[in-house]
Q: 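I am attaching a structure below and will ask some questions about it afterwards.
Numbering of residues begins at 1 and proceeds along the displayed sequence. Side chains included, hydrogens not; waters and symmetry mates left out as well; all remaining heavy atoms used.
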Amino acid sequence: MMPKLARTIRFDESDGNVFSRPAESGEWAISGGFEFSNWTEGDLTGKARQAFANGWLALDSFGRATFVAVAHVEAPELERLAERLADHFVTVYGAPDRAAALPHAQDEIAYMQDLCDEHAANTLLVVQRELTGSGVKESFRAIRPAEAEIDMVAVHGALDPGDG
């Protein structure tokens with residue numbers, strides 16, 4: 001059985017408006033809640049609040065996305081993603097080196113795989129986070145393709161600049 005992970009998906013341009021670094025559509029993604037482990041209410045302002053509240057972490061740009069879709073992933077790709085995330089841990093979070101960071105990166109990706117494994121391919125996932133007395137609490141919601149309402153997936157706007 002082929003492993004599953006999630007890819008970012010953009011239905012419209014709203015992620016570009018709500019996240020300081022929006023992910024591109026089609027990037028592999030994980031929850032990325034670790035970014036917020038030391039945050040307090042004071043950190044939850046503006047676009048940072050939106051990233052905290054419901055942003056998935058893309059593994060190429062390290063931008064955020066509101067929606068991800070479950071997809072099959074090749075095993076060699078999983079290793080590349082773990083190495084990329086380990087390098088991110090070194091560069092951004094001060095891990096001593098890739099070797100030290102790699103097990104933690106692999107754990108983050110395995111966590112996302114476990115989340116995706118219980119869903120069919122193309123299932124949309126959303127994350128919701130809240131700051132509690134004991135840290136960050138994440139919850140997840142799955143939206144099967146047949147359940148998605150048109151206003152969730154419709155792109156609003158004119159196709160031709162003269163039409164709007």
Q: Who are the side chain to side chain contact (heavy atoms under 4.5 Å, CB included) partners of A105, not counting sequence neighbours?
A: L85, A86, F89

Q: Got a donor-acceptor contact below 3.5 angstrom from the R7 side chain to the V68 backbone?
A: no

Q: Please, which pairs that meet side-chain hydrogen bond (donor to acceptor under 3.5 Å, both in side chains) have at least one residue in residues 15-25, sequence neighbours excluded?
A: D15-T66

Q: Test of understanding: with side chain to side chain contact (heavy atoms under 4.5 Å, CB included), list the residues that count as partners of S134, not counting sequence neighbours.
A: T132

Q: Taking I30 as the starting point, is it possible to reach L125 by hopping between hydrophobic residues whose side chains are less than 4.5 Å apart?
A: yes

Q: Taking everything shown except E79 itself, do over 12 heavy atoms lie less than 6.0 Å from its CD?
A: yes

Q: Could you walk me through whether K137 and Q128 pass the side chain to side chain contact (heavy atoms under 4.5 Å, CB included) check?
A: CA-CA 8 Å; K137 178 184 173 194; Q128 187 170 23; over 6 Å; no

Q: With a 6.0 Å cut-off (strictly less than), is the heavy-atom count around CG of N122, excluding the residue itself, greater than 12?
A: no

Q: Is there any salt bridge (charged side-chain N to carboxylate O under 4.0 Å, His left out) pair reaching into residues 92-107, and which pairs are they, with sequence neighbours excluded?
A: E83-R98, D87-R98

Q: What's in the same ILVMFWY side-chain cluster as F52, cut-off under 4.5 Å, chained through other members?
A: F36, W39, L44, L131, V136

Q: Only counting residues at least two apart or in another chain, list the ones meeting side-chain hydrogen bond (donor to acceptor under 3.5 Å, both in side chains) with E138.
A: S31, R129

Q: Answer yes or no: is there an ion pair linking K4 with D114, defined by an N-O contact shorter than 4.0 Å?
A: no

Q: Atom CD of residue position E77 - does it have more than 12 heavy atoms of other residues, nucleotides or ligands inside 6.0 Å?
A: yes

Q: Could you list the cluster mates of L102? Members are the ILVMFWY residues connected by side-chain heavy atoms closer than 4.5 Å, either directly or through other members.
A: none

Q: Would you compute the distance between atom CZ of R64 and atom CG of L57 and round it to the nearest 0.5 angstrom?
A: 4.5 Å

Q: Can you pull the side-chain hydrogen bond (donor to acceptor under 3.5 Å, both in side chains) pairs that have at least one residue in residues 46-56, sequence neighbours excluded?
A: Q50-N54

Q: Classify the ring geometry of F11 against F67: parallel below 30°, tilted from 30° to 60°, perpendicular beyond 60°.
A: perpendicular

Q: Might you point out which heavy atoms bring A29 and L5 nearest each other, and give the distance in Å?
A: O-CG, 4.2 Å

Q: If every non-hydrogen atom of I9 is compared with every non-hydrogen atom of A69, which pair is closest and at what distance?
A: CG2-N, 4.4 Å

Q: Tell me which pairs pass ring-ring contact (aromatic ring centres under 6.0 Å, His included) where either residue lies in residues 99-127, with sequence neighbours left out.
A: none

Q: Please name all residues satisfying ring pair (Phe, Tyr, Trp, His ring centres under 6.0 Å) with W28, sequence neighbours left out, ordered by chain then number.
A: none

Q: Say you draw a straight line from CG of L59 to CD1 of I109; how long is it, rounded to the nearest 0.5 Å?
A: 5.5 Å

Q: Would you give the length of the straight line joining atom SG of C116 to atom CZ of F140, rounded to the nearest 0.5 angstrom?
A: 9.5 Å

Q: Should V70 and M112 be regarded as members of a common hydrophobic cluster, given that ILVMFWY residues are connected when their side-chain heavy atoms come within less than 4.5 Å of each other, either directly or indirectly?
A: yes

Q: Under the ring pair (Phe, Tyr, Trp, His ring centres under 6.0 Å) test, which residues partner F19, sequence neighbours left out?
A: none

Q: Is T123 reaching over with its side chain to a backbone N or O of A120, donor-acceptor style, under 3.5 angstrom?
A: yes

Q: Should V73 and M2 be counted in the same cluster of Ile, Leu, Val, Met, Phe, Trp and Tyr side chains packed under 4.5 Å apart?
A: no

Q: According to a 4.5 Å side-chain heavy-atom criterion applied to Ile, Leu, Val, Met, Phe, Trp and Tyr, with indirect links allowed, do I143 and L115 form part of one hydrophobic cluster?
A: no

Q: For S61, enumerate each residue passing the side chain to side chain contact (heavy atoms under 4.5 Å, CB included) test, keeping only those at least two apart in sequence or located in another chain.
A: A23, E27, A58

Q: Atom OG1 in T40, atom CG in D43: separation rounded to 0.5 Å?
A: 4.0 Å

